[in-house]
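Data first, discussion second: the structure below is written as structure tokens.
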Number of protein chains: 2
Amino acid sequence: MHPLSDATHHPQLRSWVVSANLPDSDFPVQNLPLGRFKPRTQQGQAEQPWRVGVAIGDEVLDLALAAHQCPWPDDVVDLLKPLAHGDLAAHLAQGPTAWRRLRQALSVALSEGSVEGPFLELCLRPQKLVLMSLPCVPRDYTDFYAGIHHATTVGKLMRPDNPLLPNYKWLPIGYHGRASSVGLGGPVRRPCGQVKVSADTPPIYAPTRRLDYELELGLWVGVGNPQGSNLDMAAAEDNLYGVTLLNDWSARDMQSWEYQPLGPFLAKSFATSVSPWLVSMDALAPFRRPCVRPEGDPKPLPYLDSSFNRAHGAIDITLQVWLLTPRMRELGHKPVKLSQSNALDAYWSPAQLLAHHASNGCNMATGDLLGTGTLSGPMPEQGGSLLELSQGGRQPLVLGAETRTFLEDGDTVILRAFCEAPGTARIGLGQVAGTVLPAAVFV
Amino acid sequence: MHPLSDATHHPQLRSWVVSANLPDSDFPVQNLPLGRFKPRTQQGQAEQPWRVGVAIGDEVLDLALAAHQCPWPDDVVDLLKPLAHGDLAAHLAQGPTAWRRLRQALSVALSEGSVEGPFLELCLRPQKLVLMSLPCVPRDYTDFYAGIHHATTVGKLMRPDNPLLPNYKWLPIGYHGRASSVGLGGPVRRPCGQVKVSADTPPIYAPTRRLDYELELGLWVGVGNPQGSNLDMAAAEDNLYGVTLLNDWSARDMQSWEYQPLGPFLAKSFATSVSPWLVSMDALAPFRRPCVRPEGDPKPLPYLDSSFNRAHGAIDITLQVWLLTPRMRELGHKPVKLSQSNALDAYWSPAQLLAHHASNGCNMATGDLLGTGTLSGPMPEQGGSLLELSQGGRQPLVLGAETRTFLEDGDTVILRAFCEAPGTARIGLGQVAGTVLPAAVFV
């Protein structure tokens, strides 16, 4: 047993929801991610408000119904109140004791032989019949740069002799992102922007020619801190609610022209996509691993260090990028896998990112979203972006009869993630898929 | 008469609110800025919700009362509805026709001899007896770098031979800022953060030793655009509601260590302060000036160009920084003026900033805040930050018996702004003042 495991992680636990017990399900009873959904409406039907649900197998447990259909213990009735009203953020704000109590109650109720089962059967809806929303609306969005292999590869493209800057191993590099354009997967319009096509000609305003994805995790803040106070490592660990996938769409030609000296701006802010199911840090407990630094690297400064973080700061999550091109779609082919990496490829742990963010007194809020930065593996074929996989566009990827340097219109990018370990039930983060739409003609 | 002026700007207009007619009032009847306020409560009184008011002389016209006390035309009654409920953002979302109609109605009602005067006299409250809030809560905050003299001076400190990067005159450089820590003036706690004290020693986590202000204007978006669409220059001009002052507090030692390669982050996100009264672009109409570029500079690309912008894109606003140190306070002295510059020192106009921001399809929203970047004048003594005035900390400023390179605990920074032109009534933006509190002991 992993030292952070409890009864909710037991690998023998099975759900009375049959699809949750399939070996490749992302959402067995050991996972229990939360999300916001509503039934797909028929034409003419009134729009319904978002509801909060729990993913279990192929189904969603509707917590608005479940709160009333089922004899819950009193303290769980209280915990379900905001969720029954569709307010996932209110639950996140309640903190880790509330999160764990709800998880435990849902684990019992959704496990085989539970007394709640017969009541809750009436509260299930097939996932494929619901629309999903963002788990909550992020107040602020920050994107970090914690993937050291990504930072090294991208750094090499620009500074072959000096890929990692001197600050990289001392502090988590990050920048404020654009919160308004964070959404679920779905269509993403190819952005227009200023690009410098050659060194000798003036820049032009045109659709990006180097549209890319970035494979990241999104970390969601549960409990924030008042402005002027900070979060130590223990508080940062406690205050993070959980994770989703995150695709940090990037226009590389816009980025290289605009980013000096204040960093990425319009090359990123046209869209950021996350997956809909918020997997809690509690669900990830059996996949926590030591946060190890290579021999000779500096020890983190005290405000970024804790014995818990050294023992359990990292998370073992397998990350994958898949691509479906219009041609593959036409031929009835399945998506191809472009790369695979792991969240262990992050140099900084989730708690370190949050502790650093609040270390200047910046007020973090419930629902704030932190991107980890692109999580690439150490090998060239493990790049978490096309920029890396195509060596800055110089080496096209061969995909059967097709090639790609950057994304083309109609391409669908799919990020997937799951956790597997011996003696532990597999859980998944689901996926986020987005298809590139042609640029709008603006001018 | 300025070609953009109308009856609301007439210099002979006087208000029945006597203090509005004083020659140095920031808030004559030609201004009419909106803001959110509430009465200061006595101990034990219940907190009241924020109300929307109009600054007139030393008074606030309470629009919740004014909506009911006064016989308004029907269309104005409708316009006042959201404002009577304290929802300034809803008014901003209504767009320029609504803004102009309300301005015109308020101008008539607050002018000498109006029939509304006797009713509205009951709806005034002294400004000094109310608490102010942010005009609205910014969904997103972006900070630009439009002050070319600032960019040049700061660039020279880092790259003496090449102060302005090649992209500067082609696109408005900017970065996403932290929305959660934007507030009104008031105390600002000296942040802690990682700083590299010398090249040979490891970084430390400590209170910043180089705390600075930046003199900026804040531009507030009235009407946004859906994700995937853009705003052309005419729409950008129409969609901006107005301006406040903005102090982009900066920790220079944290900034120089953290900012490569993704830009400023924790050096800025601990606090950003704005002034409470939102002065509309309509009020600023008589101070609009041609947007002129020096001979030989590139013409803006078409998406950043319009004949209106060439004729009227810039705004003539005098900007000032004042400092009150604890010693001056002790001796009963007044604040000293550190520098004076003008919004004409911006290389990019407000409409260009907004059009550029939306040019990639990024969705702008009502209440979004855009900082112009530090607006320094062309002369060394016109620097809009201590970084500039002290030449990177090398040349202390002499202030009577004291000196400053960067801010000390207890220092109060006051930004002020006003518009003056022959044949036009003077209007002001009011001020934003913030006092530095000692660092918290975090570790």
Side-chain angles (χ1 to χ4, degrees), chain A residues 139-140 142-143 145 155 158 165 167 170-171 173-181 183 189 191-194 196 202-205 227-230 232 251 254 257-267 269-271 298 301-303 356-357 359-365 368 437 440 442-443, chain B residues 139-140 142-143 145 155 158 165 167 170-171 173-181 183 189 191-194 196 202-205 227-230 232 251 254 257-267 269-271 298 301-303 356-357 359-365 368 437 440 442-443:
Chain A
R139 175 72 189 90
D140 272 291
T142 296
D143 198 20
Y145 200 50
M158 283 183 268
L165 293 169
N167 54 14
W170 289 101
L171 51 71
I173 297 292
Y175 65 101
H176 304 295
R178 178 83 191 175
S180 74
S181 52
R189 194 163 289 289
C192 293
Q194 263 197 46
K196 194 93 160 74
I204 56 170
Y205 177 70
Q227 194 168 356
S229 75
N230 72 332
D232 65 19
M254 289 161 58
W257 175 233
E258 77 174 2
Y259 92 105
Q260 290 280 20
L262 301 185
F265 180 41
L266 302 191
S269 60
F270 59 95
L301 293 185
Y303 80 102
H356 182 61
H357 206 322
S359 69
N360 66 341
C362 178
N363 48 329
M364 310 301 296
D368 277 351
L437 299 183
F442 279 160
V443 184
Chain B
R139 174 71 189 92
D140 272 290
T142 296
D143 198 21
Y145 200 50
M158 285 183 268
L165 292 170
N167 54 13
W170 289 100
L171 50 71
I173 297 292
Y175 66 100
H176 304 294
R178 178 82 190 176
S180 74
S181 51
R189 193 163 287 290
C192 293
Q194 263 198 46
K196 192 92 161 72
I204 57 170
Y205 176 71
Q227 195 169 356
S229 75
N230 71 331
D232 64 20
M254 290 162 58
W257 174 233
E258 75 173 3
Y259 93 104
Q260 290 280 20
L262 301 184
F265 180 40
L266 301 191
S269 59
F270 60 96
L301 292 185
Y303 80 101
H356 182 62
H357 206 322
S359 68
N360 67 342
C362 178
N363 49 327
M364 309 302 295
D368 278 349
L437 299 183
F442 279 160
V443 184

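Lettering of chains follows the sequences in order, A, B, ..., and the numbering in each one begins at 1. Bear in mind the structure is a predicted one, so any value in this text is a computation, not a measurement.
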For chain A, which candidate among [options] shows the most heavy-atom pairs at distances under 4.5 Å?
options	result
B:Arg139, B:Arg178, B:Gln227, B:Met364	B:Arg178
B:Pro261, B:Ala179, B:Ala271, B:Ser180	B:Ser180
B:Ile173, B:Leu301, B:Thr142	B:Leu301
B:Pro202, B:Ala267, B:Ala365	B:Pro202

Seminar exercise, completed: Ranked by heavy-atom pairs below 4.5 Å to chain B, first place among A:Ala251, A:Gly263, A:Ser269 goes to A:Ser269
Problem set entry | Option in A:Gly193, A:Pro203, A:Gly183 with maximal non-hydrogen atom pairs under 4.5 Å from chain B | A:Pro203
For this session: Identify the heavy atoms of A:Asn360 and B:Met254 that sit nearest to each other, and give their distance.
Result: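 Closest heavy-atom pair between A:Asn360 and B:Met254: CB-CE, 3.9 Å.
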Problem set entry | Contact class of A:Asp232 relative to chain B, heavy atoms under 4.5 angstrom | neither
For this session: Counting only heavy atoms closer than 4.5 Å, note whether A:Leu165 contacts chain B via side chain, backbone, both or neither.
Result: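 Contact with chain B is through the side chain of A:Leu165 alone.
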For this session: Please list, chain by chain and in numerical order, all residues satisfying ring-ring contact (aromatic ring centres under 6.0 Å, His included) with A:Phe265, sequence neighbours excluded.
Result: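 For A:Phe265, the residues satisfying ring-ring contact (aromatic ring centres under 6.0 Å, His included) (neighbours in sequence not counted) are B:Phe144, B:His176, B:His357.
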For this session: With sequence neighbours left out, write down each residue that passes ring-ring contact (aromatic ring centres under 6.0 Å, His included) with B:Tyr145, or none if nothing qualifies.
Result: B:His150
For this session: Under 4.5 Å heavy-atom distance to chain A, tell me which part of B:Ile204 shows up: side chain, backbone, both or neither.
Result: backbone
Exercise. Tell me, side chain or backbone of B:Met158 under 4.5 Å from chain A's heavy atoms, or both, or neither?
Worked result: neither
What's the spacing between [X] [atom1] and [Y] [atom2] if we round to 0.5 Å?
X	Y	atom1	atom2	result
A:Gln260	B:Gln260	CD	CD	6.0 Å
A:Asn230	B:Phe270	CG	CZ	15.0 Å
B:Leu262	A:Leu262	CG	CG	11.5 Å
B:Ser229	A:Arg189	OG	CZ	10.0 Å
B:Leu171	A:Glu258	CG	CD	7.0 Å

Exercise. Is it true that a side-chain atom of A:Gln194 and a backbone atom of B:Trp170 form a donor plus acceptor pair closer than 3.5 Å?
Worked result: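 Between the backbone of B:Trp170 and the side chain of A:Gln194 there is a qualifying donor-acceptor contact (under 3.5 Å).
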Exercise. Do A:Ser181 side-chain atoms and B:Cys362 backbone N/O form a donor-acceptor pair below 3.5 Å?
Worked result: no
